[in-house]
Trainee: 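Handing you this structure, nothing more for now.
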Amino acid sequence: QVQLMESGGGLVQAGESLGLSCAVSGRIYKINTMGWYRQAPGKSRELVAHITSDGSTNYADSVKGRFTVSRDNAKNTVALQMNSLKPEDTAVYYCNVNMAIRSWMPNNDYWGQGTQVTVSS
């Protein structure tokens, strides 16, 4: 059974930094894109950042220059380093991985359980 285990998150003050990590466990055939989404109260879930298998990255405009996404293909992990945090970054952050768990199965999106990030002003 495939699982996505997130760690990190918490409460910080504006301007501080925080790191998130997500580890994929279980039998996996191929991991494609890995990344992070977030959902603030009363808002839709939105893409924060993602990274492809060859290392190409994409960021939401609101986090460019402040957040960095990275992955370790050998460990099947993806991380998000968040610097210069703002109160508007407050949300539940979800790890997202697009992968095929068997060679004959299609690619699918898998989600972590979510971790709360709260930035106080």
Side-chain angles (χ1 to χ4, degrees):
Q1 183 177 358
V2 174
Q3 288 188 320
L4 275 63
M5 293 298 297
E6 300 173 0
S7 60
L11 172 63
V12 296
Q13 293 187 333
E16 294 184 341
S17 299
L18 204 57
L20 304 179
S21 183
C22 175
V24 183
S25 63
R27 184 179 168 187
I28 302 158
Y29 172 67
K30 181 181 180 182
I31 294 178
N32 301 305
T33 301
M34 307 179 83
W36 297 89
Y37 285 70
R38 67 186 181 187
Q39 187 166 18
K43 295 188 177 181
S44 301
R45 190 173 297 189
E46 63 175 2
L47 172 69
V48 176
H50 70 226
I51 181 167
T52 64
S53 56
D54 63 0
S56 297
T57 58
N58 184 46
Y59 295 92
D61 288 342
S62 59
V63 307
K64 282 181 181 177
R66 299 188 298 122
F67 290 12
T68 302
V69 63
S70 61
R71 64 190 281 173
D72 185 329
N73 291 330
K75 296 181 179 179
N76 290 340
T77 59
V78 60
L80 184 68
Q81 178 63 37
M82 303 180 290
N83 298 328
S84 302
L85 282 160
K86 303 176 181 180
E88 51 264 43
D89 294 319
T90 296
V92 177
Y93 284 69
Y94 296 90
C95 173
N96 170 265
V97 178
N98 182 273
M99 60 183 165
I101 60 174
R102 299 292 186 271
S103 60
W104 62 88
M105 295 179 71
N107 296 324
N108 270 318
D109 282 324
Y110 293 79
W111 295 89
Q113 77 281 3
T115 185
Q116 178 70 46
V117 172
T118 303
V119 185
S120 63
S121 57

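What you see is a predicted model, and the numbers here were worked out from it, not measured in a lab. Here, residue 1 is the first one in the sequence, and each next residue gets the next number.
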Trainee: Yes or no on side chain to side chain contact (heavy atoms under 4.5 Å, CB included) for Asn107 and Lys30, after CA distance, side-chain angles and deciding distance?
Mentor: CA-CA 9 Å; Asn107 296 324; Lys30 181 181 180 182; 5.6 Å; no

Trainee: Take Thr68 and Met82 through the test side chain to side chain contact (heavy atoms under 4.5 Å, CB included) and record every step on the way to the result.
Mentor: CA-CA 7 Å; Thr68 302; Met82 303 180 290; over 6 Å; no

Trainee: Below 3.5 Å, can you tabulate the donor-acceptor pairs from side chains in residues 110-121 to any protein atom, sequence neighbours excluded?
Mentor:
from, atom 1, to, atom 2, distance (Å)
Thr115, OG1, Gly8, O, 3.0
Gln116, NE2, Ala91, O, 3.4
Gln116, NE2, Thr118, OG1, 3.2
Ser120, OG, Val12, O, 3.4

Trainee: Any chance you could measure Ser7, atom OG, to Leu20, atom CG, to the nearest 0.5 Å?
Mentor: 8.0 Å

Trainee: Could you tell me if the side chain of Leu85 sits less than 4.5 Å from the side chain of Leu18, heavy atoms only?
Mentor: yes

Trainee: Give the other cluster members for Met5, using side-chain heavy-atom distances under 4.5 Å between Ile, Leu, Val, Met, Phe, Trp and Tyr residues; answer none if it is isolated.
Mentor: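 Reading the cluster by chain and number, Met5 sits alone, since nothing else belongs.
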
Trainee: Would you call Lys64-Asp61 a salt bridge at under 4.0 Å N-O?
Mentor: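 Looking at Asp61 together with Lys64, the answer is yes, because their closest N to O distance falls below 4.0 Å.
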
Trainee: Just how far is it from atom CD of Glu16 to atom NZ of Lys86, taken to the nearest 0.5 Å?
Mentor: 15.5 Å

Trainee: Got a second to check how far Met34's CE is from Asn73's CG, nearest 0.5 Å?
Mentor: 7.5 Å

Trainee: What pair of heavy atoms forms the shortest contact from Arg71 to Ile31, and how long is it?
Mentor: NH2-CG2, 3.5 Å

Trainee: To check you understand the geometry: which heavy-atom pair defines the closest contact between Val78 and Gly35, and what is its length?
Mentor: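 Distance-wise, the nearest heavy atoms are CG2-N, 4.3 Å.
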
Trainee: Heavy-atom distance under 4.5 Å between the side chains of Tyr59 and Val48, does that happen here?
Mentor: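 No, side chains not in contact.
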
Trainee: Report yes if some heavy atom in the side chain of Arg66 is under 4.5 Å from a heavy atom in the side chain of Asp89; otherwise report no.
Mentor: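 Heavy-atom side-chain distance check passes, below 4.5 Å.
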
Trainee: Can you measure from CH2 (Trp36) to CG (Asn96) and round to the nearest 0.5 angstrom?
Mentor: 10.0 Å

Trainee: With a cut-off of under 6.0 Å to the ring centre and 45° to the axis, is Arg38 in cation-pi contact with Tyr94?
Mentor: no

Trainee: Just how far is it from atom OG1 of Thr52 to atom CG of Asn98, taken to the nearest 0.5 Å?
Mentor: 11.5 Å

Trainee: Take atom CZ in Arg27; do more than 12 heavy atoms of anything else shown fall under 6.0 Å from it?
Mentor: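 No, CZ of Arg27 has 12 or fewer neighbouring heavy atoms, counting only those of other groups under 6.0 Å.
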
Trainee: Apply side-chain contact (heavy atoms from CB on, under 4.5 Å) to Ser44 and list each qualifying residue two or more places apart in sequence or on a separate chain.
Mentor: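 Ser44 satisfies side-chain contact (heavy atoms from CB on, under 4.5 Å) with no residue once adjacent residues are dropped.
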
Trainee: What distance separates Met105 CE from Tyr29 OH, expressed to the nearest 0.5 Å?
Mentor: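 Answer rounded to 0.5 Å: 13.0 Å.
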
Trainee: Tell me the closest heavy-atom pair linking Leu47 and Ala60, and the distance in Å.
Mentor: O-CB, 3.4 Å

Trainee: Answer whether the closest heavy-atom distance between the side chains of Val2 and Val24 falls below 4.5 Å.
Mentor: yes

Trainee: Looking only at side-chain N and O atoms, does Asn83 offer a donor or acceptor that is under 3.5 Å from a partner on Ser17?
Mentor: yes

Trainee: Could you walk me through whether Ser70 and Asp72 pass the side chain to side chain contact (heavy atoms under 4.5 Å, CB included) check?
Mentor: CA-CA 7 Å; Ser70 61; Asp72 185 329; over 6 Å; no

Trainee: Begin with the C-alpha distance, continue with both residues' side-chain angles, and end with the deciding distance and a verdict on side chain to side chain contact (heavy atoms under 4.5 Å, CB included) for Leu4 and Cys22.
Mentor: CA-CA 6 Å; Leu4 275 63; Cys22 175; 4.1 Å; yes

Trainee: Between Ile28 and Ala100, what is the shortest heavy-atom contact and its length?
Mentor: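 Smallest heavy-atom distance, with atoms named: CG2-O, 3.9 Å.
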
